[in-house]
Amino acid sequence: MAAIEIDSVVKTYAGGVTAVRGVSVTIPDGAFAVLVGPSGCGKSTILRMVAGLEAITAGEVRIGGRRVNELDPADRDIAMVFQNYALYPHMSVRDNLSYGLRNRRVARDEIARRVAAAADTLQIGALLDRKPRALSGGQRQRVAMGRAIVREPAAFLFDEPLSNLDAKLRVQMRAEIRQLQRRLGTTSIYVTHDQQEAMTMADTLIVLNGGRIEQVGAPLGVYRHPATTFVAAFIGSPPMNLLSARVEGGRVLLEGAEILAVAGLADGPVTVGIRPEDLAPGASAPDPAVAFELAVDYVEELGNGRLVHGRHAGQEMTVAVAADVALGDRLALAAGRDRLHLFDSASGRRLAA
Amino acid sequence: MVENRPVLDFLAHLVLALGVALVAFPVWIAFVASTHAPTRFLTGLVPLLPGDNLVETYRTMLTAGISTSGAPPVAGMLWNSLVMAVLIATGKIAISLTSAFAIVYFRFPLRQLAFWLIFITLMLPVEVRILPTFEVVAGLGMLNSYAGLTVPLIASATATFLFRQVFLTIPDELTEAARIDGAGPMKFFRDIMIPLSRTNIAALFVILFIYGWNQYLWPLLITTDDGYYTIVAGIKRMAEAAESDPKWNYIMATAMMAMLPPVLVVLAMQRLFVKGLVETEK
């Protein structure tokens, strides 16, 4: 078992493209960290540098306190689960599981014991003599997990392992992976572009954008207190509404109406964030800070509720409501003070509370 | 498109039957000729039905040959051809597998140059470079040897390209998974790449075996010792025998025996052969 320390890591490709621009984060022993961000944010590159599949341009990666920059992937004591599973197609499930152990010259009866234990844990005992092509997507996923487990590594690395599964199976496998990881207590890094997957699975959520870390924290903390407008818009579905407002003499004004009194803010533009589910119809919110009418442009029916897209004074907004709404309606909305997020317009950074 | 019209069916089968007849008839004639006594051909007409001399002809050819026209026993020539075809096929496969592996998976200086040099050899089959190659082989003292028969033919740009394409279809993740599993390059090559190219290797073996078996000009040129004659070149020597009429029954028997091994190879490896040519799933 080991903590993973990523220290000022930079990745510049031969062509001069910089994918990772100085990332530092420590994943404590036994934690499940999720790297999340849009495509091109460098999340897979970071994972691959930890795995040893990409050279580290600058900085240092330590696993269990040991510098691994120069080590071969095989010597880093890690196991990786790939997006397309990367099972050896010509080998039976049993051989797939045991291949890495045989290469390490683990004793034969020890291999048999570990394979049997992994097969038992993942309920793939009946599949051991099949070839990967005779397995369903979910079964292949389990075999890929099994190949990681039998190694008994210091860390698991997951590279979008669920994106090839259908929605239902994905939700099920999320829970299975998490339960398994808790039971084994193995430090894990999990890469995904799906913020929902990230929220549901992570102990530590690491939000990346453009090769830099935007925010690190527990999922709920990140959701409740996004550090930047990027995180605010990326985490949560539907995304947070970001509205342009102004600060004048310590008061935040939205469309000329005071919504918040905040001390210590310089005059100028700010961004106000409100989550769609925090906007309640009518003036029902306690201590309403914002109240306005929304012109309904478009309604997304979800069954258990609906998402209303509309405009207020030229700014587009999304609201989650339970009641029926018709196109062209005007919807009276309100949100409490404690539900508002303030961001600096220029830097996108969170202001005050 | 599923058509069900009797006339079309009939026409289609007619065309197929004609095609088969066109290919099979000469083979039949050769077979018939090999079953008659030599005197039957003096009239100039070849009979259409088998005669009664089959066992006699084939036994003579296999064990004794025709000493008057300088033809050694066919059994020996069959063995030489077999050795040559197998050496060429396995040698070509071994060399092209490793060179394709080097080109696809290793970053070494002048890699592109190596790639293009291999490519250029496509333009230099043995027939084009036959004199200089003969000179080299003679200089190395490889005339009348299995090495001389096979080594000049053993490099194969075509096979290298085929394996390169096969290797390029193998997903990178598989390579990475193998690295994490602690497989070094050669172990990866042996445990993953070769098994995954199995059907392509089989398909190529069939093609290259036939290529090697049918070699004519090169063996004719570099073998003067009848202990190293190959069967395809041997037929030519028999037909050219000076100062006597060609013994058609013996020549045809030899031709039949020369045709048999490639047919057997194709039959034995047919399933793998087809799979290797059409299979795309990796």
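Hydrogens, waters and symmetry mates play no part in the numbers below; they use all other heavy atoms, side chains included. Within every chain, numbering begins at 1; the chains are lettered A, B, ... in the order of the sequence lines, protein sequences first and strands thereafter.
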Enquirer: Against chain B, label A:Y88 side chain, backbone, both or neither, depending on which of its atoms sit under 4.5 Å from a heavy atom there.
Expert: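 Both parts, backbone and side chain.
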
Enquirer: More than 12 heavy atoms of other residues, nucleotides or ligands under 6.0 Å from CZ of A:R113: yes or no?
Expert: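 Yes, the 6.0 Å shell around CZ holds more than 12 heavy atoms from other groups.
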
Enquirer: Go through it in stages, so that I can follow the logic: the residues are B:E173 and A:D159, the test is side chain to side chain contact (heavy atoms under 4.5 Å, CB included), and I'd like the CA-CA distance, side-chain angles, deciding distance and then a yes or no.
Expert: CA-CA 11 Å; B:E173 282 89 346; A:D159 191 2; over 6 Å; no

Enquirer: Counting neighbours of CZ on B:F108 that are heavy atoms of other residues, nucleotides or ligands and sit closer than 6.0 Å, is the number greater than 12?
Expert: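 Enclosed.
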
Enquirer: Using a 6.0 Å cut-off, check whether atom OH of A:Y13 has over 12 heavy atoms from anything other than its own residue.
Expert: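 Count over threshold, so yes.
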
Enquirer: Is the number of heavy atoms from other residues, nucleotides or ligands under 6.0 Å of A:Q123 CD greater than 12?
Expert: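 Not more than 12 within 6.0 Å, no.
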
Enquirer: So which bits of residues 38-59 of chain A come within less than 4.5 Å of chain B, counting non-hydrogen atoms only?
Expert: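 Under the 4.5 Å heavy-atom cut-off, A:R48, A:G52, A:L53 qualify.
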
Enquirer: Could you list which of residues 174-191 of chain B have a heavy atom closer than 4.5 Å to any heavy atom of chain A, in residue-number order?
Expert: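 So far as heavy atoms go, B:L174, B:E176, B:A177, B:A178, B:R179, B:I180, B:D181, B:G182, B:A183, B:K187, B:D191 are the residues that approach chain A to under 4.5 Å.
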
Enquirer: Pick one of side chain, backbone, both or neither for A:L101, based on which atoms fall under 4.5 Å of a heavy atom in chain B.
Expert: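 When you check distances to chain B, no heavy atom of A:L101 falls under 4.5 Å.
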
Enquirer: Answer with side chain, backbone, both or neither: which region of A:R147 has an atom nearer than 4.5 Å to a non-hydrogen atom of chain B?
Expert: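 Side chain only.
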
